[in-house]
Amino acid sequence: MRYGWIIVVILLLAAGIIYKLVDTTVISADAWNAKAMKELSRTDTILPERGNILASDGSILATNLRYYTLRIDYRSEKFQEDTLKKYITTLSDSMARYFPIRDSKEWQAHLLKPLAKEKAERPRAYRLIDNISYADYRRIKTFPFFSIANKNKNGLTIESKMRRVNPYGDMARRSIGGVGATAECKEIHGISGLEKALDSLLYGKSGLAKKVPLTKGIVNWTDKPATNGYNISTTIDIKMQDIVENELNNTLSYVDADWGVAVLMDVQTGDIKAISNLEKNPRADNYIEGMNRAVLGYEPGSVVKTLSMMIALEDGIVNNVNEVIPTGNSYAYAGGKAIKDSHGVGSVTVAEVIERSSNIGMTKIITRKYDSNPGGFYARLKEIGFLEPMHTGIAGETVPRIDSLPNDRGGRIGLSRQCYGYATEIPPLYTLSIYNAIANGGKYVRPRLVSRVSGMDIDSIMPVTYIRDRICSEENAAKLRSMLTNVVWGNHGTGKLLRNDYVKIAGKTGTCYMIENGDYNNSKKRLAFCGFFPADNPKYSCIVLTANPKRYAFGAANTSGQVLKNIAMKLYSRGMLGNSSDYNGEGSVDSSPTLYASTSAGRHKTVHKELPTGKKKKSLSYPKEVSKGIPNVVGFGLRDAIATLERAGYNVEFSGAGYVAKQIPEGGTLLGEGKKIHLTLRE
């Protein structure tokens, strides 16, 4: 009887199998085939690898890195609980040394916490650590307990995810931009800066994977491979960017300004070598990368007088720079509010209109021709290309806006204000482009941030282009350079504070009240300085804006101008102005008694020291090159020193702030890679 029941059960199972077989292959065959076809016809998107953004020397400014999250399965089948407890002290010490987010006791508590529960209630994906590199993951695999090869015994599992990272931190962060998903698209695309403006090139093209049946199941099969994004080479110079950011930050901190922007550009090519946008951190006492104000419109103030004077010279409104123009302290034009000069005198020459920054003088010159046709001035700005998009590659770029004032009498009042910097909104980069053209002999080169696009099937160098071949004659450009040089070096110049014995600076100061709630706030000023250097043979042009300084310095020359001066001096001291520099010798401190020094404590943390007037300061010795062994970095800034040594395969630790004064072991010493170098810094 027992065997009989067994036979019955076997027969029933066999009948069930036969029925299921017939149902699957005959009765329900169409439904199963349709389901199979639906699965096999499904395609998955293969995401491309986003291209890198590079500095002018090939250094990586933005790239993709894979980060790892490690978890522990405390319920894995052969989890060796006793082994974990045996090595817990050593394991915790190792974790604390290399991952000091917890000390040794905290790591020990973290690792043992799940063991307090019954095995059935222990977590299967307990997070050990996240956002670590592959090198850190390999290091953890050498620690006691985690070194067990069988992951079923230590429960260690790994998850990975690609992330967009900026190796240089906040350096030119707003101009480089960021990436992210949007509500409309879950793919990762650029959302600001170059990442957004050049997203179509950086992103690449998605691929397709279709389903194919194999013996072990249905798997993805690449039908159309993804095309990785192109690498974008920018014009940013890492060393210059570091100088510009630090000098802007130092001055903003000193005067307690709301925000500031600085742009450094190559005169011949229009290459933007450095661009920094800093604003006060609302949650801390420092400055952080903020809104990209370099391409947003603001009333420029008197820096726009140079543009007006260029048009006056080109149109023949004035021919003799020594012509005397009566000005006085007040001038009522077209029935509007009286125009005044803060440096008012009875009369000025045409050249002194720029040197003394005369609003009245500039108005009287421009209205000679355009009084009866105010729109003609706007037409001239349009003719020279000043109102056209620049296409620099920076997302959010705006064009200048020229407005008429309310109740303007035929546009004449608006004209009188626009010619010296009011009733307009001009992005700093546009103002800089005009000064750059004057420094370039009248050639209106287009500012650019992208120099090259490269990938698997393309390597394209972007040529230097021009908004206009020329916006003024070489003769008039020379006259304007002379006027701008006199702003700093003339007897009545508004920028006399910027004189120094090393770099001859030419440029123009600009001051205007900030607009709040649709009206001028007379207690808040935006201060600008735009110019170029060296004045006799311009190599770089630069513009700096400082918004609402609250202490110590309130003029355009000793805020924005001081930033430009410090940038020029740093470039000179490093031999970056075509000069030969060995960092040796002593020199008298310039007229400003303020000395700024960088610090390792934080990218935008300020060290401010007062140096008594007349004191001497001695430069550090320039580092000598070594043919073999450890690179010699004495005299380098901290960032350059670390980069140089790490590229050579050494680990670096440092103490102090400023520049490298001593390194142990010394440069040239033969030492195996992976060894530690100690740097002593001093200001």
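Just so you know, these numbers use all the heavy atoms, side chains as well, and skip hydrogens, waters and symmetry mates. Source: prediction; values computed, not measured.
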Enquirer: Quick check for you: to the nearest 0.5 Å, what is the distance between L564 atom CG and F533 atom CZ?
Expert: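 It is 5.5 Å, given to the nearest 0.5 Å.
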Enquirer: Under 3.5 Å, is there a donor-acceptor pair linking the side chains of N566 and Q562?
Expert: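 There is such a pair between these side chains.
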Enquirer: Measuring from atom CG of L264 to atom CG of L432, what distance do you get when rounded to the nearest 0.5 angstrom?
Expert: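 So the gap between those two atoms works out to 8.5 Å.
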Enquirer: With side chain to side chain contact (heavy atoms under 4.5 Å, CB included) as the test, would you mind laying out the steps for I243 and R574 before giving the verdict?
Expert: CA-CA 11 Å; I243 290 171; R574 287 157 176 72; 3.8 Å; yes
Enquirer: Tell me, with the steps shown, if D266 and T269 meet side-chain hydrogen bond (donor to acceptor under 3.5 Å, both in side chains).
Expert: CA-CA 6 Å; D266 186 285; T269 64; 3.3 Å; yes
Enquirer: Side chains of R164 and N64: donor-acceptor distance under 3.5 Å anywhere?
Expert: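 The answer is yes; a qualifying pair exists.
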Enquirer: Run H189 and Y203 through side chain to side chain contact (heavy atoms under 4.5 Å, CB included) and show every step you take.
Expert: CA-CA 7 Å; H189 287 277; Y203 183 76; 3.5 Å; yes
Enquirer: Is the number of heavy atoms from other residues, nucleotides or ligands under 6.0 Å of D469 CG greater than 12?
Expert: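 Count not over threshold, so no.
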Enquirer: Less than 4.5 Å apart, side chain to side chain, heavy atoms only: is that true for L484 and F532?
Expert: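 A side-chain contact exists here, since the closest heavy-atom pair is under 4.5 Å.
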Enquirer: I'd like to know whether CZ of R551 has more than 12 heavy-atom contacts from other residues, nucleotides or ligands below 6.0 angstrom.
Expert: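 Result for CZ/R551: enclosed.
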Enquirer: I need the minimum non-hydrogen distance between P400 and L387, along with the two atoms involved.
Expert: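 Reported closest heavy-atom pair: CB-CD2, 3.9 Å.
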Enquirer: Which heavy-atom pair separates A257 from T546 by the least distance, and what is that distance?
Expert: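 Shortest heavy-atom contact: CB-CG2, 3.7 Å.
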Enquirer: Using the salt bridge (Lys or Arg N to Asp or Glu O under 4.0 Å) rule, take E383 and R468 through it: C-alpha gap first, then chi angles, then the decisive distance, then the call.
Expert: CA-CA 9 Å; E383 182 183 347; R468 295 289 186 273; over 6 Å; no
Enquirer: Show the nearest heavy-atom pair for residues Y572 and V503, with the distance to one decimal.
Expert: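 Taking every non-hydrogen atom into account, CB-CG2, 3.5 Å.
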Enquirer: Would you please say whether a donor-acceptor pair under 3.5 Å links the side chains of K504 and T485?
Expert: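 No, no side-chain donor-acceptor contact under 3.5 Å.
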Enquirer: Quick one: do D57 and K239 make a salt bridge, cutoff under 4.0 Å?
Expert: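 Not counted as a salt bridge, because no side-chain N and carboxylate O are separated by less than 4.0 Å.
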Enquirer: State, to 0.1 Å, how close S308 and C419 come at their nearest heavy-atom pair, and which atoms those are.
Expert: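 Heavy-atom minimum between the residues: OG-O, 2.7 Å.
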Enquirer: Taking C-beta and beyond as the side chain, do V304 and T424 meet within less than 4.5 Å on heavy atoms?
Expert: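 Counting from C-beta outward, V304 and T424 never come under 4.5 Å.
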Enquirer: Checking T392 against E397: is there a side-chain donor and acceptor pair closer than 3.5 Å?
Expert: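 Yes, because at least one side-chain N or O of E397 sits under 3.5 Å from a partner of the opposite role on T392.
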Enquirer: Classify the side-chain pair S451/S233 by whether it contains a donor and acceptor separated by less than 3.5 Å.
Expert: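 Short answer, no.
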Enquirer: Would you give the length of the straight line joining atom OG of S56 to atom NZ of K273, rounded to the nearest 0.5 angstrom?
Expert: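 Those atoms lie 4.5 Å apart.
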Enquirer: After noting the C-alpha distance and the side-chain angles of E474 and R481, does the key distance pass the salt bridge (Lys or Arg N to Asp or Glu O under 4.0 Å) rule?
Expert: CA-CA 10 Å; E474 289 190 17; R481 287 197 297 272; over 6 Å; no
Enquirer: Hey, which of I275, V450, I176 is the one that makes side chain to side chain contact (heavy atoms under 4.5 Å, CB included) with I394?
Expert: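 Single pass found, and it is I275.
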Enquirer: For T494 and S357, run side-chain hydrogen bond (donor to acceptor under 3.5 Å, both in side chains): C-alpha distance rounded to whole Å, both residues' side-chain angles, the deciding distance at 0.1 Å, then the answer.
Expert: CA-CA 7 Å; T494 57; S357 195; 5.5 Å; no
Enquirer: Please say whether more than 12 non-hydrogen atoms of neighbouring residues, nucleotides or ligands are located less than 6.0 Å from NZ in K550.
Expert: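 Yes, the 6.0 Å shell around NZ holds more than 12 heavy atoms from other groups.
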Enquirer: For the residue pair K570 and S573, confirm or rule out a side-chain donor-acceptor distance under 3.5 Å.
Expert: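 No.
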Enquirer: Considering residues, nucleotides and ligands other than K280, do more than 12 of their heavy atoms fall under 6.0 Å from its NZ?
Expert: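 For K280, atom NZ is crowded (more than 12 foreign heavy atoms under 6.0 Å).
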Enquirer: Please say whether more than 12 non-hydrogen atoms of neighbouring residues, nucleotides or ligands are located less than 6.0 Å from NZ in K479.
Expert: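 Yes, NZ of K479 has more than 12 neighbouring heavy atoms, counting only those of other groups under 6.0 Å.
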Enquirer: Assess the side chains of N246 and D242: does a donor N or O sit below 3.5 Å from an acceptor N or O?
Expert: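 D242 and N246 do have a side-chain donor-acceptor pair below 3.5 Å.
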Enquirer: Give the intermediate values and the outcome of salt bridge (Lys or Arg N to Asp or Glu O under 4.0 Å) for residues K565 and E247.
Expert: CA-CA 9 Å; K565 175 185 173 182; E247 294 308 327; over 6 Å; no
Enquirer: When you compare the side chains of D271 and T235, does any donor N or O come within less than 3.5 Å of an acceptor on the partner?
Expert: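 T235 and D271 do not have a side-chain donor-acceptor pair below 3.5 Å.
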Enquirer: Evaluate the criterion ring-ring contact (aromatic ring centres under 6.0 Å, His included) for residue pair Y444 and Y466; output intermediate values, then yes/no.
Expert: CA-CA 6 Å; Y444 198 12; Y466 295 84; 9.2 Å; no
Enquirer: Do I288 and L278 touch side chain to side chain, with heavy atoms closer than 4.5 Å?
Expert: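 Side chain of I288 against side chain of L278, heavy atoms only: no contact under 4.5 Å found.
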Enquirer: Are Y435 and T306 close enough, and set up right, to give a side-chain hydrogen bond (donor to acceptor under 3.5 Å, both in side chains), and what steps lead you there?
Expert: CA-CA 8 Å; Y435 281 73; T306 305; 2.8 Å; yes
Enquirer: K539 versus P534: any side-chain heavy-atom pair under 4.5 Å?
Expert: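 Yes. Closest side-chain heavy atoms under 4.5 Å.
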Enquirer: Regarding E314 and N476, do their side chains bring together a donor and an acceptor under 3.5 Å, going by distance alone?
Expert: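 Yes, a side-chain donor-acceptor pair sits under 3.5 Å.
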Enquirer: Side-chain contact test, heavy atoms from C-beta onward, threshold under 4.5 Å: evaluate it for I471 versus I434 and give yes or no.
Expert: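 Of all side-chain heavy-atom pairs linking I434 with I471, at least one is under 4.5 Å.
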Enquirer: Calculate, to the nearest 0.5 Å, the distance between atoms CD1 and CG belonging to I232 and L54 respectively.
Expert: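 Going from the CD1 atom of I232 to the CG atom of L54 covers 8.5 Å.
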Enquirer: Work out which heavy atom in P447 is nearest to a heavy atom in S433; give both atom names and the distance.
Expert: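 Where P447 meets S433 most closely, the heavy atoms are CG-CB, 4.1 Å.
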Enquirer: With a 4.5 Å limit on heavy-atom distance, are the side chains of Q241 and V244 in contact?
Expert: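 Side-chain contact under 4.5 Å: no.
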Enquirer: When rounded to the nearest 0.5 angstrom, what is the spacing between CG in L313 and SG in C472?
Expert: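 Between L313 CG and C472 SG, I get 8.5 Å after rounding to 0.5 Å.
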Enquirer: Is any side-chain heavy atom of I53 closer than 4.5 Å to a side-chain heavy atom of L194?
Expert: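 Yes, side chains in contact.
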Enquirer: Under 3.5 Å, is there a donor-acceptor pair linking the side chains of T63 and N52?
Expert: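 On atom types as modelled, these side chains qualify, holding a pair under 3.5 Å.
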Enquirer: Determine whether P538 and N440 make a side-chain contact, defined as any pair of heavy atoms from C-beta on separated by less than 4.5 Å.
Expert: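 No, their side chains stay 4.5 Å or more apart.
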Enquirer: Do you know the tightest heavy-atom contact between N491 and K496?
Expert: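 Residues N491 and K496, closest heavy atoms: O-NZ, 3.4 Å.
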Enquirer: Determine whether N558 and Y552 satisfy the following criterion, side chain to side chain contact (heavy atoms under 4.5 Å, CB included), listing intermediate values before the conclusion.
Expert: CA-CA 9 Å; N558 56 7; Y552 302 141; over 6 Å; no
Enquirer: Distance check, rounded to the nearest 0.5 Å: T465 atom OG1 versus R446 atom CZ?
Expert: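 The distance works out to 4.5 Å.
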Enquirer: Only one of T431, V261, T559, L527 forms a side chain to side chain contact (heavy atoms under 4.5 Å, CB included) with L545, so which one is it?
Expert: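 The option that passes is V261.
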Enquirer: Quick one, I384 with I467, criterion side chain to side chain contact (heavy atoms under 4.5 Å, CB included). Give me CA distance, side-chain angles, the key distance, then yes/no.
Expert: CA-CA 8 Å; I384 66 175; I467 300 173; over 6 Å; no
